[in-house]
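FYI, side chains are in, hydrogens and waters are out, and symmetry mates aren't considered; it's all heavy atoms of this structure. Naming convention: chains lettered A, B, ... in sequence-line order (proteins, then strands); numbering from 1 in each chain.
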Amino acid sequence: MAGKTLYDKLWDSHLVREDTSGTSLIYIDRQLIHEVTSPQAFEGLRLEGRKSWRQSANVAVPDHNIPTKDRHLGITDPVSNVQVDTLSENCADFGIKEFSMSDPNQGIVHVIGPEQGLTLPGMTIVCGDSHTSTHGALGALAFGIGTSEVEHVLATQCLIQKKSKNMLISVNGKLNIGVTAKDMILYIIGQIGTAGGTGFSIEFSGEAIQNLSMESRMTICNMAIEAGARSGMIAVDQVTIDYIKGRPFSPTANEWEKAVSSWKNLKSDSDAIFDKVIQIDASSINSMVTWGTSPEMVTEVSGTIPISDNRNSSTIDAALDYMGLTSGTAIKDIHLDKIFIGSCTNSRIEDLRLAANILKGQQIADSIKLALVVPGSGPVKKQAEEEGLDKIFIDSGFEWREPGCSMCLAMNADYLEPGERCASTSNRNFEGRQGQGGRTHLVSPIMAAAAAIEGHFTNVSKYLDN
Amino acid sequence: MDRFKTFTGVIAPLNRDNVDTDAIIPKQFLKSINRSGFGDNLFDEWRYLDHGEPGQDCSNRPLNLDFVLNQKRYMNSGILLTRSNFGCGSSREHAPWALDNYGFRVIIAESYADIFYNNCFKNGILPICLTEGIINSLFELTLAKPGYTLTVDLEAQIIADPLDTRIYFEIEKFRKDALLGGLDEIGQTLTHTDIIKKFEKKHRDANPWLFRSL
Ligand code: SF4
């Protein structure tokens, strides 16, 4: 019999029962909850008189709606305020731990899970949020669910699921200097398309993946959903174990050794069979910039906007029309109005270090109306301040904000005005994502910083230390 | 979950790939803590010329007359015809809630994003997958014949038009059964409480660190 993939192992170890109809009941170890996709789930429980199955499996945090400025003044938008208050009330009523807006450890749900040791290898992790795939970077099975499923997990600690297929994306060789995990995942999405991973769980492997830090691995798995896969994952190795050690909710004392020895098995067997295998040569990846309204509309910074072909001409034409761009334009000639460094893709300490390293002693271009850095969590912000990164950002012309989702989806006061163009380290360039009529270009933190200095996209190599 | 057996409705053609959940229901409407009231804001940024805010009366807003749902022949449609990877993006169940509140009970596309597809079934919406060739001919028929109507029979897995075209569609058995029965899934799972408890004990014994109190 062939060996098992990492996904097979995670699935099998959480299988409660299989149904003759082809579905399975899967046990869920951790549910992360935020204010936007949970109120209707708690309401559903109340209507049926149901309780939470295991309170300590759940952790909640408000992140989508909250202000990143003048937080002591509270939330001025009354509708957002009700939603954030509702989360606190629901957590109190159902006995669920919440990192409230004023908690020093508050942050984006996908940043604080790993940071607090609430995300551990071997777990099944769900959240009413598609970027739950992020947590797979620690060797967990993590995926986004809808609100009905949030309610299902709260009530039963289980989910009805159908097993997905296995895909392996192996990135071989070494990355070029100045090329980051963000460029790598944008490149992959450009290769396989936004529906390329539909129906699959993707495992990322290969030398270039193994060489990544934990933060960078999270950037990769974060955007597995943009490749159509509900979950992305990376095998556990020493990098994973070193990252987890000593975090607030990580296993301690005698449990630690036992946990580590069980985690060491969290990798695909050498004879495991994948339904699909994709090989990528790391050295062929360069700095990437999206030019359209889907993450697959992406090219190298040295490239030009492509010409539409027959199959997808209406889609590409609509995208270019929305973006105010034309085929054949050089990416470096695209001028920007705003810069956003943040989101669950690129708001961890390493991302901020990369951007600050570019901005040291530099000024952002006069034509940039607003440049924002929004750290992913309270601890990221604190760490950055201890390292003096906040000063570098502020001195160069960036604003230094409080943690949250912010301009990644613009549910709070941080958004693009119609027609404004933004270089953003977030994950989605959909129409209206960063504000109605706003135009988003997805890039790495290095590119966002370099573009802020020049006011347009540019070759980042001149800003890199030798 | 709402029950679904058969449905007859006018088709509205949305000729795009990768229609994402931000387009289906923009984020400002996600601030609601309710499950209904999203229908007026379905495709808000495409449907209206102004910027929509939650709680606004939409009856006086300026319409984008180029958008398909604002064309007279497609008003009151109940079946949405579109292209590939429909519903990509976020996990927001507000997307199927908005489609349902508007009156769409069936979607026909080449493919869907996984989470969206799953969310449809939780809300009594039937998402049907057909091949690019069949989708092309449905687009042609819809554009050629004002008021083009289809009847969808889930039990028989057949789509029929008044001209006697019959299209068979595939659907996984468990999804079909759930829609036909309109089952309370949580109630169903809770009938397995003993098995879940047994699993949980074994799992806790093997991995005690996963059960730490917070
Ligand atoms: S940062 Fe953006 S993608 Fe991440 S959870 Fe928040 S809104 Fe979603």
- Message: Suppose a student defines contact as a heavy atom less than 4.5 Å from any heavy atom of chain B. Which residues in residues 116-127 of chain A would they list?
- Response: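 Residues A:L118, A:L120, A:M123 are the ones that qualify, each having a heavy atom under 4.5 Å from chain B.
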Least distance between heavy atoms, [X] atom then [Y] atom:
X      : Y      : result
B:L214 : A:R30  : CD1-NH1, 4.0 Å
A:G146 : B:E93  : C-OE1, 3.2 Å
A:A155 : B:L190 : O-CD2, 3.8 Å
B:G89  : A:I225 : O-CG1, 4.3 Å

Could you tell me whether the side chain of [X] and the main chain of [Y] form a donor-acceptor pair under 3.5 Å?
X      : Y      : value
B:S91  : A:D129 : yes
A:K258 : B:N207 : no
B:R92  : A:T37  : no

What part of [X] gets closer than 4.5 Å to chain A, counting heavy atoms only: side chain, backbone, both or neither?
X      : result
B:D50  : backbone
B:Q188 : neither
B:S111 : neither
B:F211 : both
B:P208 : both
B:A206 : backbone
B:F199 : side chain

Side chain / backbone / both / neither for [X] at chain B, heavy atoms under 4.5 Å:
X      : answer
A:P295 : neither
A:S38  : neither
A:T156 : both
A:H131 : neither
A:N58  : backbone
A:A57  : neither
A:S164 : neither
A:Q40  : both
A:W53  : side chain

- Message: Could you walk me through whether A:R428 and B:D20 satisfy the salt bridge (charged side-chain N to carboxylate O under 4.0 Å, His left out) test, starting with their C-alpha distance in whole Å, then the side-chain angles of each, then the deciding distance to 0.1 Å, before giving a yes or no?
- Response: CA-CA 10 Å; A:R428 288 191 174 136; B:D20 59 72; over 6 Å; no
Do the side chains of [Y] and [X] get nearer than 4.5 Å, heavy atoms only?
X      : Y      : result
A:E149 : B:N118 : yes
A:R17  : B:H192 : yes
B:T189 : A:L25  : yes
B:E200 : A:V16  : no
A:T198 : B:Y117 : no
B:F121 : A:S148 : no
B:I186 : A:E151 : yes

salt_bridge([X], [Y]) N-O dist < 4.0 Å:
X      : Y      : result
A:E431 : B:K27  : no
B:D22  : A:R433 : yes
A:K165 : B:D114 : no

If you tally heavy-atom pairs under 4.5 Å against chain B, which of [options] wins?
options                       : result
A:I145, A:I96, A:V59          : A:I145
A:G228, A:G199, A:G197        : A:G199
A:T252, A:T132, A:V150, A:D29 : A:D29

- Message: Determine whether A:M411 and B:L30 satisfy the following criterion, side chain to side chain contact (heavy atoms under 4.5 Å, CB included), listing intermediate values before the conclusion.
- Response: CA-CA 9 Å; A:M411 261 182 104; B:L30 274 51; 3.9 Å; yes
[X] [atom1] to [Y] [atom2] distance, which is reported to the nearest 0.5 Å:
X      : Y      : atom1 : atom2 : result
B:S213 : A:R54  : OG    : CZ    : 10.5 Å
B:S32  : A:Q83  : OG    : CD    : 7.5 Å
B:K173 : A:T20  : NZ    : OG1   : 7.0 Å
A:S294 : B:D17  : OG    : CG    : 9.0 Å
B:C88  : A:E296 : SG    : CD    : 8.5 Å
A:L409 : B:Q28  : CG    : CD    : 10.0 Å

- Note on the structure: Hits for ring-ring contact (aromatic ring centres under 6.0 Å, His included) against A:F430, two or more places apart or cross-chain, chain-then-number order -> none
- Run the numbers on B:I115 and A:F143 for side chain to side chain contact (heavy atoms under 4.5 Å, CB included), then give the verdict. CA-CA 9 Å; B:I115 305 178; A:F143 53 91; over 6 Å; no
- Report, by ascending residue number, the residues of residues 34-46 of chain B in heavy-atom contact with chain A at a distance under 4.5 Å; give 'none' if the set is empty.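 B:N34, B:R35, B:E45, B:W46, listed by number.
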- Query: So A:Y27 and B:H203, would you call those rings parallel, tilted or perpendicular, with 30° and 60° as cut-offs?
  - Reply: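 The arrangement is perpendicular - the two ring planes meet at more than 60°.
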- Taking everything shown except B:K5 itself, do over 12 heavy atoms lie less than 6.0 Å from its NZ? yes
- Check salt bridge (charged side-chain N to carboxylate O under 4.0 Å, His left out) between A:E35 and all other residues, then give those that pass, not counting sequence neighbours. none
